[in-house]
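Just so it is clear, the values below take in all heavy atoms, side chains as well, and ignore hydrogens, waters and symmetry mates.
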Amino acid sequence: MVERLNIVYSRKFIQSLDSQLNILFREGILNRIDRAEEMVEEVYDFVEKNIDKSIATPEKLESSGKKYLRYIIDENIIWFLFFDQEGDRVVMTHLLNNRSPEYAGL
């Protein structure tokens, strides 16, 4: 039987996601609020379906989370979804994009 994980989203993760959506609006990549809402659902679905494909976070970025997933927005934008896991509990902790200064470590 496959173990079902309990995935929770920290306040910091949700705020990071909101900030990244605002960036997409400012840059004209997003232009409708309903599309932003769809993207949030897509991110949650992606996490749910791909959590087992995570990558260990480089030591210098472990304060963001011990593991991460790459979520590709388009050919120029990648989001890094960080999390910590203990047993069947996963806490999504932070989100960065590939334009963030911290990105160099990924």
Side-chain angles (χ1 to χ4, degrees):
M1 184 168 127
V2 175
E3 180 181 339
R4 178 109 172 117
L5 297 175
N6 178 23
I7 301 172
V8 295
Y9 296 85
S10 71
R11 179 173 287 132
K12 183 176 182 178
F13 182 89
I14 294 168
Q15 290 170 340
S16 299
L17 179 56
D18 187 52
S19 293
Q20 293 303 314
L21 291 170
N22 284 329
I23 290 169
L24 296 179
F25 273 110
R26 275 197 317 266
E27 293 181 356
I29 296 166
L30 273 179
N31 57 11
R32 295 184 350 255
I33 194 71
D34 62 324
R35 179 60 189 126
E37 292 168 351
E38 289 172 3
M39 284 186 74
V40 169
E41 289 303 316
E42 290 168 6
V43 167
Y44 292 161
D45 288 343
F46 176 82
V47 168
E48 189 77 28
K49 292 176 183 170
N50 293 284
I51 199 76
D52 61 329
K53 298 173 185 158
S54 64
I55 302 165
T57 303
E59 189 174 334
K60 73 179 188 173
L61 293 175
E62 281 185 348
S63 63
S64 294
K66 300 284 185 196
K67 297 179 181 179
Y68 72 97
L69 294 167
R70 286 187 181 111
Y71 183 74
I72 299 171
I73 302 296
D74 65 23
E75 63 276 355
N76 297 314
I77 302 170
I78 301 170
W79 287 350
F80 300 98
L81 315 172
F82 292 91
F83 66 94
D84 290 318
Q85 181 175 356
E86 192 168 311
D88 66 346
R89 182 176 163 86
V90 173
V91 179
M92 301 304 297
T93 54
H94 193 48
L95 186 153
L96 291 174
N97 74 38
N98 58 319
R99 298 177 188 171
S100 300
E102 300 93 334
Y103 166 72
L106 303 174

(request) Assign the ring pair Y68 / F80 to parallel, tilted or perpendicular, where the plane angle (0 to 90°) is split at 30° and 60°. (result) perpendicular

(request) Of all the heavy-atom pairs spanning F46 and R70, show the shortest one and how long it is. (result) CZ-O, 3.1 Å

(request) Start with the C-alpha distance between V43 and W79, add both sets of side-chain angles, then the distance that settles side-chain contact (heavy atoms from CB on, under 4.5 Å), and finish with yes or no. (result) CA-CA 10 Å; V43 167; W79 287 350; 3.8 Å; yes

(request) Any chance you could measure E86, atom CD, to N6, atom CG, to the nearest 0.5 Å? (result) 12.5 Å

(message) If hydrophobic clusters are built from ILVMFWY residues whose side chains come within less than 4.5 Å, do I23 and V40 share one?
(response) no

(message) Could you measure the distance from the CG atom of N50 to the CG atom of D52? Nearest 0.5 Å is fine.
(response) 7.0 Å

(request) State which residues pass salt bridge (Lys or Arg N to Asp or Glu O under 4.0 Å) with E27; sequence neighbours excluded, sorted by chain then number. (result) R99

(request) Could you list all the salt bridge (Lys or Arg N to Asp or Glu O under 4.0 Å) pairs where at least one residue sits in residues 35-44, not counting sequence neighbours? (result) R35-E38, R35-E42

(request) Measure across D84 and K66 and return the closest heavy-atom pair with its distance rounded to 0.1 Å. (result) OD1-N, 2.8 Å

(message) As an exercise, state the distance from NE2 of H94 to CD of Q15, rounded to the nearest 0.5 Å.
(response) 10.5 Å

(message) Quick check on side-chain contact (heavy atoms from CB on, under 4.5 Å): which of L96, L69, L95 does F82 satisfy it with?
(response) L96

(message) In this structure, is the centre-to-centre distance between the rings of F83 and F13 below 6.0 Å?
(response) no

(message) Is any side-chain heavy atom of L24 closer than 4.5 Å to one of I77?
(response) yes

(request) Supply the atom-to-atom distance N76 CG to N98 CG, rounded to the nearest 0.5 angstrom. (result) 8.0 Å

(message) Taking transitive links into account, so neighbours of neighbours count too, which hydrophobic residues share a cluster with V8 at under 4.5 Å side-chain distance?
(response) V91

(request) Kindly compute the distance separating NZ (K12) from OG (S19), expressed to the nearest 0.5 Å. (result) 11.0 Å

(request) Might you point out which heavy atoms bring F25 and L30 nearest each other, and give the distance in Å? (result) CD2-O, 3.3 Å

(request) Report yes if some heavy atom in the side chain of I7 is under 4.5 Å from a heavy atom in the side chain of M92; otherwise report no. (result) yes

(message) I'd like to know whether I73 forms a side-chain contact (heavy atoms from CB on, under 4.5 Å) with Q20, so could you lay out the CA-CA distance, the side-chain angles of the two residues, the decisive distance to 0.1 Å, and finally the verdict.
(response) CA-CA 11 Å; I73 302 296; Q20 293 303 314; over 6 Å; no

(request) Indicate the atoms forming the closest heavy-atom contact of R4 with D88, along with that distance. (result) O-CB, 3.9 Å

